[in-house]
Amino acid sequence: MTPLESTESYEKSKPSPPQGRRSRLGMLLIDEGFITPYQLQEVLRIQRESSKQPNDYKYLGQLLVEKKYIDADQLQYIMKKHDKQTRLGDILLRSGAITEQKLEFALLEQQKSGLRLGEVLLKSSILSDEILRQALCTQLNIPYLDLNRLNIDRNLTKIINRDYALRHNIIPVSMTSNSITLAMDDPTDTEVVAELEMFTRLKINIVTSSQAAIQSAFRKLYKDDIKSSPTTANTSRYDQNQIEIILDMESANTLESRKPSYVEAQESKRADVLVQRIISWAIQHKASDIHLETLDQHMVVRFRIDGLLQEFNLGPLQDDIDNFHREIISRIKILGKLDIAEKRLAQDGSFRSHIVSDGEKVNIDFRISVIPSYYGENVVIRILDSRSTPADIEHLGFSPIMTKKLTALFKMNTGIILVTGPTGSGKSTTLQSGLLCAYRPGLKVLTAEDPIEYVHDKFMQCEVNEKIGLTFASYIRVFLRHDPEIIMVGEIRDDETAEMAIRAAQTGHLVLSTLHTNDSLGAISRLTGLGIDPNMVTSSLIGVISQRLARKICPHCKGPYTPSDDVLQEFFQHPPTDIKWVKGHGCQQCNYTGFKGRLALAELWQPNPRDILLINKKAPLEELAASAKTSTIPIIGEAMLKIRNGETTLDELIRVLPFSAITAYRESQQP
């Protein structure tokens, strides 16, 4: 919009004649049944008297709220429904706080900068912060308070903690049994209001004050909060860096139809807090799963970090978990929309939420599995963090040779590529990275996943639901009618899925999928075991990736060491002298494990003509393995590169690699 158009737009939007505007809003309120004609006449009389002095002029809605004929929420509802929101510029003109020339200048600057009108007025020193906020209060029909004159109860810090108040520039002012009044630096931030209403289950009343007054009130209210706040006092180190988490409360009303007692309500609130603490702890420590295991009179909480379950010293939080472990399980069931009364059968559910970390909102999905055990119910929560969305192949940490080979493989036009390995070996991450590598503008990518772990705008993703017949095989059958170039199938589990995937590859599509096998050659045994003809396999199979995830040495406590003779003999006939052995000696950063993070180790087999001939002849696996040595980048070779680079340890390789790979490497060395 040009400056001239901006000025013309403002001329058209100047305040309408007072009587016409009053009549329209007043009649709408009467029509909606909020006020009576008598009440309208009363406030119109008051408004006429106030209009004699420009500085004393009050708007109709403002007067109706002051007379308590309607409340602020009802007025906001009508204003939004009928687009009757008074413009900030109109209010400033009416009050005499600004001239038309200055407003036109501010509107022109607003068009250039993209800032809000109020920000332009402050930046240009046309208005003071206090006058602008008073006008904003008139526009939004909220009170303006001078916080410097108030003595705020410090117990309100128990409702809104210091970090949240600082991040969003809000101050709790007062509280009743069912509502809390907040002074907000930005009273238009409806998302914060919605979050707090969901989190506190209280009605939020908004007021505002000058920015200086809000900052001063914050310093007074939270000056000793780090030492005395119940969210940080007598808890573990984690709570001082707490990630605020906003859980989905949609299903809270399905718990019971009757009104809970006071004791039950307090226990429910306590369980809410404990569930959030547990999940927050897991997210901060980058756990992939939370295991809640019920034992006699207490509960063990373990977190799967870097592939292994770890226990932490939770301090006083553990005492609360032990005391409220039944309530915690019930709360998790409610979040997952499960039957809280059913304690004899296994149940699966999910819920979606977001966390606020460092002022940034991050979407998180949670998958819940509940199973009964001897002492009670056990729960596993899988955490799907959108921040860990897979990157492309080049950022997965493979060796340069492996990265080059995989990139070329995923850029092929037709055929089937399989990623194999046990559960938790990173197959899905490699598959998603392969999709990103294969994708090019103009291609259509369809995926069938169970569940959808990472959402990509470039792909059309579908979730398997076997209860209603949406299986992997049925999706492939439908996908072929949608004219895709690339199809990704989360897992080949049965003969129908295997046959449909191979037929899709034979008809000119690039198909990506996973199998649970011990190594790359195991894919042949698995497919033929599902009844697939070897000739069908060899006509479409272009590559098999077998991988594992090994833990990385913690960089904070990394140091030299000498492996034991027993470990060296597992890998070498004669220990090498050109390797500088290192390991993590344990520190607070890695929970004294010596490892932090994981790296991928992969094997790539691309069948050559001789391999294909042996498969078609149904040759013994030993003969195929001997032939495949020339067409395979072995996983042990990749692993030893990581050892030489000081990224992992021999003990870790013994834990994750197939024993046959280690044995073959030792026997292949020259004496």
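FYI, the numbering just counts along the sequence from 1.
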So does Arg367 pair up with Asp348, basic N to acidic O under 4.0 Å?
-> no
Donor-acceptor pairs are to be reported for all side-chain atoms of residues 561-569 against protein atoms at under 3.5 Å, with residues two or more places apart or in another chain.
from, atom 1, to, atom 2, distance (Å)
Ser564, OG, Val567, N, 3.4

Salt bridge (Lys or Arg N to Asp or Glu O under 4.0 Å) partners of Glu485, counting only residues at least two apart | none
From Met500, Glu499, Gln506, residue fulfilling side chain to side chain contact (heavy atoms under 4.5 Å, CB included) relative to Ile502 = Gln506
Can you tell if the side chain of His285 reaches within under 4.5 Å of the side chain of Trp281, non-hydrogen atoms only?
-> yes
Name all residues meeting the salt bridge (Lys or Arg N to Asp or Glu O under 4.0 Å) criterion together with Asp320; count only those two or more places apart in sequence or in a different chain, and write none if there are none.
-> Arg270
May I ask you to test the Arg655-Arg551 pair for a side-chain heavy-atom distance under 4.5 Å?
-> yes
Sequence neighbours left out, what passes side chain to side chain contact (heavy atoms under 4.5 Å, CB included) with His298? Give chain and number order.
-> Leu295, Val300, Asp322
Sub-4.5 Å side-chain heavy-atom contact between Ile476 and Val511 = no
Determine whether Lys618 and Ile615 make a side-chain contact, defined as any pair of heavy atoms from C-beta on separated by less than 4.5 Å.
-> no
How far does CE of Met299 sit from CD1 of Ile321, to the nearest 0.5 angstrom?
-> 8.0 Å
For Asn616, the side-chain hydrogen bond (donor to acceptor under 3.5 Å, both in side chains) test, sequence neighbours excluded, returns Thr538
Can you name the residues that form a side-chain hydrogen bond (donor to acceptor under 3.5 Å, both in side chains) with Asp306, not counting sequence neighbours?
-> none
With a 4.5 Å limit on heavy-atom distance, are the side chains of Leu604 and Leu406 in contact?
-> yes
Do the ring planes of Phe459 and Tyr439 sit parallel (below 30°), tilted (30 to 60°) or perpendicular (above 60°)?
-> perpendicular
Indicate yes or no: at least one non-hydrogen side-chain atom of Phe571 is less than 4.5 angstrom from one of Ile636.
-> yes
